[in-house]
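Beneath this line is the structure, given in structure tokens, with notes to follow.
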2 protein chains.
Amino acid sequence: MNSDTSSAEQAGQKTPGRPRQFDRDAALAAAMRVFWVHGYAGASIATLIDAMGISRATLYASFGDKEHLFRHVMDLYEREKTAYMLDALDQPTARRVAEHLLRGTLDLQTDTATPKGSMGIVHSVSYAPGDERIHEFVTERGRFWRAKLLERFEQAARDGDFPATYDPHGLAMLLKSATDGLLVAASSGVSEQDLDKVVSTFLKMWPGR
Amino acid sequence: MNSDTSSAEQAGQKTPGRPRQFDRDAALAAAMRVFWVHGYAGASIATLIDAMGISRATLYASFGDKEHLFRHVMDLYEREKTAYMLDALDQPTARRVAEHLLRGTLDLQTDTATPKGSMGIVHSVSYAPGDERIHEFVTERGRFWRAKLLERFEQAARDGDFPATYDPHGLAMLLKSATDGLLVAASSGVSEQDLDKVVSTFLKMWPGR
DNA sequence: CCTATTATGGAACGATCGGTATAGCAACTT
DNA sequence: AAGTTGCTATACCGATCGTTCCATAATAGG
């Protein structure tokens, strides 16, 4: 019933029963790639267990059903793939925030170990009937980041990082849109060179410091 | 076998047999909404015929299999939903091109009859195993528009629409990315008011005329 | 050794997938 | 009337869907 064995794992203490024979995070990383490329509906259990290198029953025993597996994957995704977003918020000026966010996004697309595009976008633009909870879960994460960015840019407005003629709300939403647009472009097979041009051009027209 | 009855339709000539009793484009529009919201893999035949108001056999007799149906839908999509993109290319300056493209995208999101976001993006960011041809077909359309936009901005550079310090290639790719990002935001439930702010802020920082 | 507990692989579950076939009626043309 | 096509309903096909069951393997504490 309970798939949460993390407490025993992190302590490294001896647990009764047969020990797990696979790397939990490595398996989740493999599942992440499948969800990333094919989407929740397009990622069948057969495809998942093939990529993860475990059997059907092991998947259900270790991670619960498909929805629970996806939530475990999202945890790993935010922990390993979107950490740079939090760093971006800590940058001293609005321009530096934009620069860090966009360069971080660019770096992620350069990493050959991860698929192109964004797993978040994949699950926010469409969802199969019955997968409404997955869609809602992911879009909520999008709302979270938009709120964080808005909050940061309201501070930037108070700091005078950009002319008062610019709306911090507009700049925040535009930055998020530019980031998402960059990720869509990456999904569409746009070259790294062109993606870099998008970022540098955007930063060139960005107002203020 | 042959689902192409358009030649008889457009001529209005008398054909033997019972005439079609449903509106072909209306049925395709209903199918378009299903593909748009749920994606190709998430749009089951049962869901499609339910939305289109026709029977299973009629769907196959009239449109061919699922892939053919999708291609018919894409025809309608480009004919009715993306016509403003061609208009945008005809605008006299680079700024006007950007303005027309973004405002057109915004108008499409305001239309309550069509789903939020973009059917193109839905099918370019992910695809189920076996649906590679659908993915390729859609991403090819994306490449087409990027090429068109690049071509237009190279002309704009020659016209001196923006400072020579800006790369037309970068501006073209950025504009496409901004448009896609706007559509992702719309999919994520961002309000029309906020979408409008994204557009106005982007146009405010856009260089040149 | 035993028992308890957990991990694992293979088989099987009912449901749904895309697609086809059949039968029969409906609505038109010649 | 005869011929042709449109459409619905139903049943069916093999394949795949997500999920569960079960026997077995591998460890722990006793």
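It should be emphasised that the depicted structure is a prediction, and the values quoted were computed from it without experimental measurement.
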Practice prompt. Quickly work out the A:H68 NE2 to D:dG18 P distance and round it to whole Å.
Written response: 16 Å
Discussion item. Just verifying a value: how many Å separate B:D161 CG and B:T93 OG1, rounded to the nearest 0.5 Å?
Written reply: 5.5 Å
Worksheet entry | Distance flag, aromatic centroids of B:H123 and B:F70, threshold under 6.0 Å | yes
Worksheet item: Taking the six-membered ring for Trp, are A:F153 and A:H169 ring centroids under 6.0 Å apart?
Response: no
Discussion item. Check this for me: does any side-chain nitrogen of one of A:R71 and A:E67 sit under 4.0 Å from a carboxylate oxygen of the other?
Written reply: yes
Worksheet item: Looking at B:F137, does the NZ or CZ of B:R141 lie under 6.0 angstrom from its six-membered ring centre and within 45 degrees of the ring axis?
Response: no
Practice prompt. For the pair A:K176 and A:D180, find out whether any cationic side-chain nitrogen is under 4.0 Å from an anionic carboxylate oxygen.
Written response: yes
Discussion item. Strictly below 4.0 Å, N to O, side chains only: are A:R79 and A:D25 in salt-bridge contact?
Written reply: yes
Worksheet item: Rounded to whole angstrom units, what separation is found between the CE atom of A:M52 and the P atom of C:dG9?
Response: 12 Å
Worksheet item: Could you give the CZ-to-C1' distance, from B:F22 to D:dG6, as a whole number of Å?
Response: 9 Å
Fill in: Nucleotide-resolved protein contact map, nucleotides 23-30 of chain C, B/S/- at heavy-atom distance under 4.0 Å
---BBBS-
Worksheet item: Starting at CG of A:D65 and ending at C1' of D:dT20, how long is that distance when rounded to a whole Å?
Response: 12 Å
Worksheet item: In Å, rounded to the nearest 0.5 Å, how long is the span from OG of B:S188 to CZ of A:R146?
Response: 4.5 Å
Discussion item. For C:dA7 and A:R20 - does any side-chain N or O of the residue sit under 4.0 Å from the phosphate oxygens OP1/OP2?
Written reply: yes
What's touching nucleotides 8-10 of chain D from the protein side, N or O pairs under 3.5 Å?
from	atom 1	to	atom 2	distance (Å)
D:dT8	OP2	B:S55	N	3.0
D:dT8	OP2	B:S55	OG	3.1
D:dT8	OP2	B:T58	OG1	2.8

Item to complete: Let me know the distance between CG of A:L59 and C1' of D:dT20, rounded to the nearest Å.
Response: 13 Å
Response to the item:
Note: contacts of residues 25-49 of chain A with DNA chain C (heavy atom, under 4.0 Å) are none
Worksheet item: In whole angstrom, what separates B:K66's NZ from C:dT20's P?
Response: 14 Å
Worksheet item: When the ring centroid of B:F162 is compared with that of B:W206, is the distance short of 6.0 Å?
Response: no
Item to complete: Examine B:Y84 together with B:H100 and report whether their ring centres are nearer than 6.0 Å.
Response: no
Worksheet item: How many Å lie between OH on B:Y60 and P on C:dG18, as a whole number?
Response: 7 Å
Worksheet entry | Parallel, tilted or perpendicular, as decided by the 30° and 60° cut-offs, for the rings of B:F35 and B:Y40 | parallel
